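Just so you know, these numbers come straight off a predicted model, no measurement behind them.
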Amino acid sequence: MVRILAVDDEEDILVLIKNILEKRGYDVDICRNPEDIPEERLKLYDLILLDIMMPGVDGLQFCRTIRPKVDCPILFLTAKTMEDDVVEGLLSGADDYVTKPFGVKELSARVEAHLRREKRERHVALNVEDVRFDLSAREVFARGEKVPLTKSEYDICELLARRRGQVFSREQIYDVVFGYDGSGGTSAISEHIKNIRSKFQRCGEHPIETVWGLGYKWK
């Protein structure tokens, strides 16, 4: 049976999630405080639903902590609708997000879609066709050959690959990779993309596409 963990500081939300997903035949555990979850238990779940706004350890911080240790999809539950907040959540290791308030059909559809698409190898990896990300080692391989990326180049690639097909502007990429206090300009992103493309090209891959006037996306 598929096992799902839902973490939210609001009891009513947890009860709602449990009722919705158990009617679909899933085994659902709920928790109000992420610090109460034993680390070894996290590896038992097939999907984790995680609220962002929680007292103490928030969802973003908790996601960054557990992502190197778990392979399953992580979906954020968030009342935040600002695009920058969503981008920050995705870079922290989440696969998707569901905006509160959510409907029964929406939550069920998102969960079912991610469970269907879940094809990760069970050693903390992300595979996008012929490109493989070792998320623990922060290394990328194209057709079995290691791509020698810098830290910033890796961060850009992981951001785009996790949200394959979604377009990110240079400004969004810059804010996620370098933070709002970064001292450079967004033109640095263009240079990083140029270098990334050159390195992947040597392996016969061309994963990043320019969407003119908008930004970049992973094909």
Side-chain angles (χ1 to χ4, degrees), residues 1-34 36-37 41-67 70-120 126-128 135 158-169 172-173 175-176 211 214-215 217-219:
M1 179 180 289
V2 172
R3 305 187 67 177
I4 295 174
L5 171 67
V7 184
D8 195 304
D9 62 316
E10 297 183 47
E11 186 71 27
D12 291 344
I13 294 291
L14 290 175
V15 172
L16 175 62
I17 291 171
K18 188 174 179 68
N19 289 338
I20 290 173
L21 297 181
E22 286 190 341
K23 287 180 180 178
R24 265 67 181 176
Y26 301 127
D27 183 9
V28 182
D29 289 340
I30 57 177
C31 179
R32 296 185 63 182
N33 183 356
D36 292 339
I37 306 169
R41 187 170 180 81
L42 289 170
K43 299 178 182 179
L44 301 177
Y45 294 106
D46 299 287
L47 184 142
I48 296 174
L49 293 164
L50 181 60
D51 184 34
I52 288 184
M53 299 296 292
M54 293 186 290
V57 177
D58 66 21
L60 294 173
Q61 182 180 349
F62 185 63
C63 184
R64 293 190 190 100
T65 300
I66 68 173
R67 176 43 88 193
V70 300
D71 298 295
C72 71
I74 298 175
L75 278 63
F76 275 132
L77 301 170
T78 176
K80 292 186 175 183
T81 56
M82 296 296 291
E83 193 170 17
D84 288 340
D85 294 321
V86 171
V87 171
E88 183 180 359
L90 296 174
L91 190 65
S92 73
D95 297 271
D96 202 354
Y97 66 97
V98 180
T99 303
K100 297 179 182 178
F102 50 80
V104 173
K105 291 183 178 179
E106 179 188 7
L107 179 64
S108 299
R110 291 286 184 92
V111 168
E112 289 167 7
H114 279 279
L115 289 173
R116 284 197 305 269
R117 289 198 297 262
E118 178 53 26
K119 295 179 181 178
R120 285 192 186 91
L126 171 65
N127 296 297
V128 188
L135 302 175
E158 185 178 327
L159 169 65
L160 297 179
R162 282 188 180 278
R163 298 296 294 170
R164 183 182 182 185
Q166 180 175 334
V167 179
F168 289 88
S169 68
Q172 288 172 329
I173 296 172
D175 288 342
V176 170
V211 181
L214 296 176
K217 69 177 182 179
W218 197 275
K219 296 180 181 179

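Taking 4.5 Å as the limit, every side-chain heavy atom of I37 sits out of range of all side-chain heavy atoms of D29. With contacts defined as side-chain heavy-atom distances shorter than 4.5 Å, the pair F76/L60 qualifies. Within the 4.5 Å cutoff, side-chain heavy atoms of M54 are placed close to those of V7. In this structure the side chain of I17 reaches within 4.5 angstrom of the side chain of L77, judged on heavy atoms. The shortest side-chain heavy-atom distance between F168 and D175 does not fall under the 4.5 Å cut-off. When side chains are defined from C-beta on, R24 counts as touching V104, because their heavy atoms get closer than 4.5 Å. With contacts defined as side-chain heavy-atom distances shorter than 4.5 Å, the pair I74/F62 does not qualify. Contact of the C72 side chain with the I48 side chain is registered, since non-hydrogen atoms from C-beta on lie closer than 4.5 Å.
Rounding to the nearest 0.5 Å places CG of D27 at 8.0 Å from OH of Y45. Atom CZ of R110 is separated from atom CG of L75 by 7.5 Å, given to the nearest 0.5 angstrom. With rounding to the nearest 0.5 Å, the separation of CG in N33 from CG in D8 is 12.0 Å. Atom CD1 of I30 sits about 11.0 Å away from atom CG of L16, to the nearest 0.5 Å. The distance from atom CG of L5 to atom CD1 of I66, rounded to the nearest 0.5 Å, is 8.0 Å.
Looking at every heavy atom in both residues, C31 comes nearest to D36 through SG-CB, 4.3 Å. Of all the heavy atoms in P55 and D9, the pair that sits closest is CD-OD2, 3.5 Å. Between G59 and L50, the shortest heavy-atom distance links the atoms O-CD2, 3.4 Å. Here the closest heavy-atom approach between residue A94 and residue C63 is recorded as N-SG, 3.6 Å.
Checking side-chain atoms of R3 against main-chain N and O of V28 turns up no donor-acceptor pair under 3.5 Å.
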key: L135/R162 under side-chain contact (heavy atoms from CB on, under 4.5 Å): CA gap, chis, key distance, verdict   = CA-CA 11 Å; L135 302 175; R162 282 188 180 278; 3.3 Å; yes
query = Between L159 and Q166, does a side-chain contact (heavy atoms from CB on, under 4.5 Å) hold up when you go through it step by step?
reply = CA-CA 10 Å; L159 169 65; Q166 180 175 334; over 6 Å; no
Worked verdict on E10 versus K100 for side-chain contact (heavy atoms from CB on, under 4.5 Å) = CA-CA 12 Å; E10 297 183 47; K100 297 179 182 178; 3.9 Å; yes
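Residues satisfying the side-chain contact (heavy atoms from CB on, under 4.5 Å) criterion with V2, sequence neighbours excluded, are I4, Y26, D46, L115.
Between D95 and R67, at least one side-chain N (NZ, or NE/NH1/NH2) sits under 4.0 Å from a carboxylate O, which counts as a salt bridge.
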